[in-house]
A.B. asks: 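Handing you a structure now.
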Amino acid sequence: MPGDTPAIGFIGTLKPTTGFTFGSQAEIRDIAARKGWLTLFQDFNQQYSEVESRQLDINVNVDLLKDLKIDLVGNRAYQETYTENYRVDPENLTYQSLTPNTFGNYSITTNMIGTAFNKSTIDGSKNFDNFRNNRLIIAERLAEKFYGNTTYSRDADGFPEGFSRNSQDVLLPAFLAAYEGRDAKDQKTNAFKDIPLPNWTLKYTGLMNLKWFKKRFRRFSINHGYRSSYTINQFQTNLDYSAGNRNLSYSDQSPDALNQTGDFKSRNLFFNINLSEQFSPLIKLDFEMKNSVSVAAELRKDRVVSLSFDNNLLTEINGNELILGLGYRIKDLKFKTNVGGRSKIIKSDLNMRLDGSVRDNVTIVRYLDLDNSQATAGQTIYGLKFTADYNLSQAFTAIFYYDHTFSEFAISTAFPQTTIRSGITLRYTFGN
């Protein structure tokens with residue numbers, strides 16, 4: 001708090017309050033003003049500020065079955081910064097707030113699995129169609145809440161006056177309901193959620209208890225993981241906010257309560273909100289057979305949906321990836337060396353691994369009120385990686401690697417790219 005005039009003594013001070021000195025969060029601005037501890041300069045313009053951060057992390061380990069391990073995670077992060085200019089009335093020493101402003105960011109774990117497998121292409125998207133249709137449902141709910149039993153008028157698009165199809169208060173809950181897979185009639189209209197929804201990872205190794213698997217495999221596991229989050233990149237107080245009067249019809253509302261498009265002003269302004277989802281992996285089989293051949297087959301799926309309130313554009317990024325890995329271990333492979341004139345036989349395992357992957361992703365921009373979806377980016381990436389490592393001694397390892405990547409782009413203005421990396425790495429580990 002700038003403008004605080006009392007000096008700190010040799011052993012500190014209990015001003016402005018004892019509670020403040022020992023960490024109390026109670027308000028102290030009015031007390032400091034009445035005690036005469038704030039500057040009275042009329043041209044004083046430094047900002048008072050408060051920064052608040054709240055973080056909630058939840059981790060739960062669930063053992064329903066002996067060989068089934070489930071980890072549940074959830075988190076919520078909220079950060080808010082409040083700033084204001086102020087002045088102190090020199091006559092009655094009252095604290096007067098000027099231009100208060102709040103801004104911050106927010107994220108919480110959520111669940112989008114209900115719409116994860118709906119078809120989404122340039123030609124059409126079920127989720128996006130639901131988003132468009134949800135707007136009228138949300139607008140009518142907001143109008144009924146605001147006007148009560150009073151009959152409200154509608155605009156040229158059939159939406160209640162004051163809650164048009166592009167109103168921020170309408171778009172945000174309609175968007176969340178469509179892409180999180182909820183009925184718009186039950187969707188909460190508040191932008192901030194209090195309770196994080198759980199995400200999870202799952203690993204099952206119980207197949208090794210079966211005789212057929214024991215006979216053929218050293219290990220066999222099935223893995224699955226899911227992550228999803230809802231993020232508000234930035235929000236801030238609408239300094240021009242003025243509440244409407246629910247006792248008046250739309251035509252009688254004060255112009256100060258309406259924005260330039262004729263909608264009721266929002267208390268908070270949002271610029272961009274994101275929903276992201278990752279199946280990492282959707283499913284993964286990881287096993288090693290008795291003949292030292294190991295196999296890892298993995299399917300991943302991800303998407304990010306971003307809604308911009310500046311231009312009412314929705315950007316959707318979808319990705320799918322298939323990974324197949326093969327490994328083989330040659331046990332006790334012998335090499336004869338003649339270093340420094342001394343003949344020596346080295347015996348160690350030679351571990352070889354070959355991984356192939358195909359990833360396809362595309363970025364689609366969708367216009368809310370135009371049937372003109374466009375692919376603005378995307379590519380198909382093919383990858384092939386081979387590694388072989390051999391322990392020359394307990395601390396000295398030689399590694400050969402070859403990494404080949406080829407990409408084809410989804411848009412015609414980008415050229416295919418090929419990257420090849422290959423070489424030998426010698427690694428020496430110091431210590432025991």
A.B. asks: Output yes when E316 and R303 qualify as a salt bridge under the 4.0 Å nitrogen-oxygen rule, no when they do not.
C.D. replies: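 Looking at R303 together with E316, the answer is no, because their closest N to O distance does not fall below 4.0 Å.
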
A.B. asks: Looking at every non-hydrogen atom in both residues, tell me the closest pair between T237 and N268 and how far apart they are.
C.D. replies: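 Closest pair (atom of T237, atom of N268, distance): CA-OD1, 4.0 Å.
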
A.B. asks: Evaluate whether atom NZ of K193 has more than 12 neighbouring non-hydrogen atoms of other residues, nucleotides or ligands under 6.0 angstrom away.
C.D. replies: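 For K193, atom NZ is crowded (more than 12 foreign heavy atoms under 6.0 Å).
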
A.B. asks: Around atom NZ of K301, are there more than 12 heavy atoms of other residues, nucleotides or ligands at under 6.0 Å?
C.D. replies: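 More than 12 within 6.0 Å, yes.
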
A.B. asks: To the nearest 0.5 angstrom, please state how far the CD atom of Q55 sits from the CZ atom of R76.
C.D. replies: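 If we round to the nearest 0.5 Å, Q55:CD and R76:CZ are 10.0 Å apart.
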
A.B. asks: Looking at I195, I want to see if its CD1 is surrounded by more than 12 non-hydrogen atoms of other residues, nucleotides or ligands under 6.0 Å.
C.D. replies: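 No, not enclosed.
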
A.B. asks: Do R353 and D355 sit within salt-bridge range, that is, some charged N less than 4.0 Å from a carboxylate O?
C.D. replies: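 Counted as a salt bridge, because a side-chain N and a carboxylate O are separated by less than 4.0 Å.
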
A.B. asks: Please check if the distance between the ring centroids of Y250 and Y152 is under 6.0 Å.
C.D. replies: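 No - the distance between ring centres of Y250 and Y152 does not fall below the 6.0 Å cut-off.
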
A.B. asks: Any carboxylate oxygen within less than 4.0 angstrom of a Lys/Arg side-chain nitrogen, looking at R154 and E140?
C.D. replies: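 Looking at E140 together with R154, the answer is yes, because their closest N to O distance falls below 4.0 Å.
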
A.B. asks: Taking the six-membered ring for Trp and the full ring for Phe, Tyr or His, determine whether the centres of F213 and F220 are under 6.0 Å apart.
C.D. replies: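 Centroid separation for F213 and F220: below 6.0 Å.
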
A.B. asks: Any chance the side chains of N127 and S125 put a donor and an acceptor closer than 3.5 Å?
C.D. replies: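 Their side chains do not contain a donor-acceptor pair, so the 3.5 Å distance test is not met.
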
A.B. asks: Is the shortest side-chain N to carboxylate O distance from R132 to D371 below 4.0 Å?
C.D. replies: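 D371 and R132: salt-bridged.
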
A.B. asks: Is it the case that the side chain of E161 and the backbone of G262 share a donor-acceptor pair, with hydrogens and angles ignored and the cut-off at 3.5 Å?
C.D. replies: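 Checked: no pair found.
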
A.B. asks: Can we call the ring centroids of Y48 and Y86 under 6.0 Å apart?
C.D. replies: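 Centroid separation for Y48 and Y86: 6.0 Å or greater.
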
A.B. asks: Tell me whether R421 at atom CZ has more than 12 heavy atoms from other residues, nucleotides or ligands lying less than 6.0 Å away.
C.D. replies: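 Not buried by this count: 12 neighbours or fewer within 6.0 Å.
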
A.B. asks: May I ask you to check whether F117 and F279 place their ring centers less than 6.0 Å from one another?
C.D. replies: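 Close enough - the centres of the two rings lie under 6.0 Å apart.
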
A.B. asks: Is the ring centre of F400 less than 6.0 Å from the ring centre of Y402?
C.D. replies: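 Here the rings of Y402 and F400 have centres that are no less than 6.0 Å from each other.
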
A.B. asks: Above 12 or not: heavy atoms from other molecules or residues under 6.0 Å from CZ of R427?
C.D. replies: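 No.
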
A.B. asks: Checking D360 against N320: is there a side-chain donor and acceptor pair closer than 3.5 Å?
C.D. replies: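 Result is no, nothing qualifies.
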
A.B. asks: Check this for me: R267, atom CZ, are more than 12 non-hydrogen atoms of other residues, nucleotides or ligands nearer than 6.0 Å?
C.D. replies: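 Not more than 12 within 6.0 Å, no.
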
A.B. asks: Can you tell whether the side chains of D302 and R359 come within less than 4.0 Å, N to carboxylate O?
C.D. replies: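 Salt bridge present between D302 and R359.
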
A.B. asks: Would you confirm whether N199, through its side chain, and V73, through its main-chain N or O, come within 3.5 Å as a donor-acceptor pair?
C.D. replies: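 No, the answer is negative, given that no donor and acceptor are paired below the 3.5 Å cut-off.
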
A.B. asks: Any salt bridge linking R165 with D369? Criterion: basic side-chain nitrogen under 4.0 Å from a carboxylate oxygen.
C.D. replies: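 Yes, charged N to carboxylate O under 4.0 Å.
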
A.B. asks: Determine whether the aromatic ring centres of residues F103 and F235 are separated by less than 6.0 angstrom.
C.D. replies: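 No, too far apart.
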
A.B. asks: Taking the six-membered ring where the residue is Trp, are the ring centres of F163 and F264 under 6.0 Å apart?
C.D. replies: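 Yes, the ring centres sit under 6.0 Å apart.
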
A.B. asks: Taking all non-hydrogen atoms of both residues, which atom of D263 and which atom of N166 are closest, and how far apart?
C.D. replies: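 In this case the closest contact between D263 and N166 is OD2-C, 4.4 Å.
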
A.B. asks: Using the salt bridge (Lys or Arg N to Asp or Glu O under 4.0 Å) rule, take K265 and D240 through it: C-alpha gap first, then chi angles, then the decisive distance, then the call.
C.D. replies: CA-CA 8 Å; K265 293 178 180 177; D240 197 34; 2.7 Å; yes

A.B. asks: Indicate whether the side chain of T115 and that of E180 have a donor and an acceptor atom separated by less than 3.5 Å.
C.D. replies: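 No, because no side-chain N or O of T115 sits under 3.5 Å from a partner of the opposite role on E180.
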
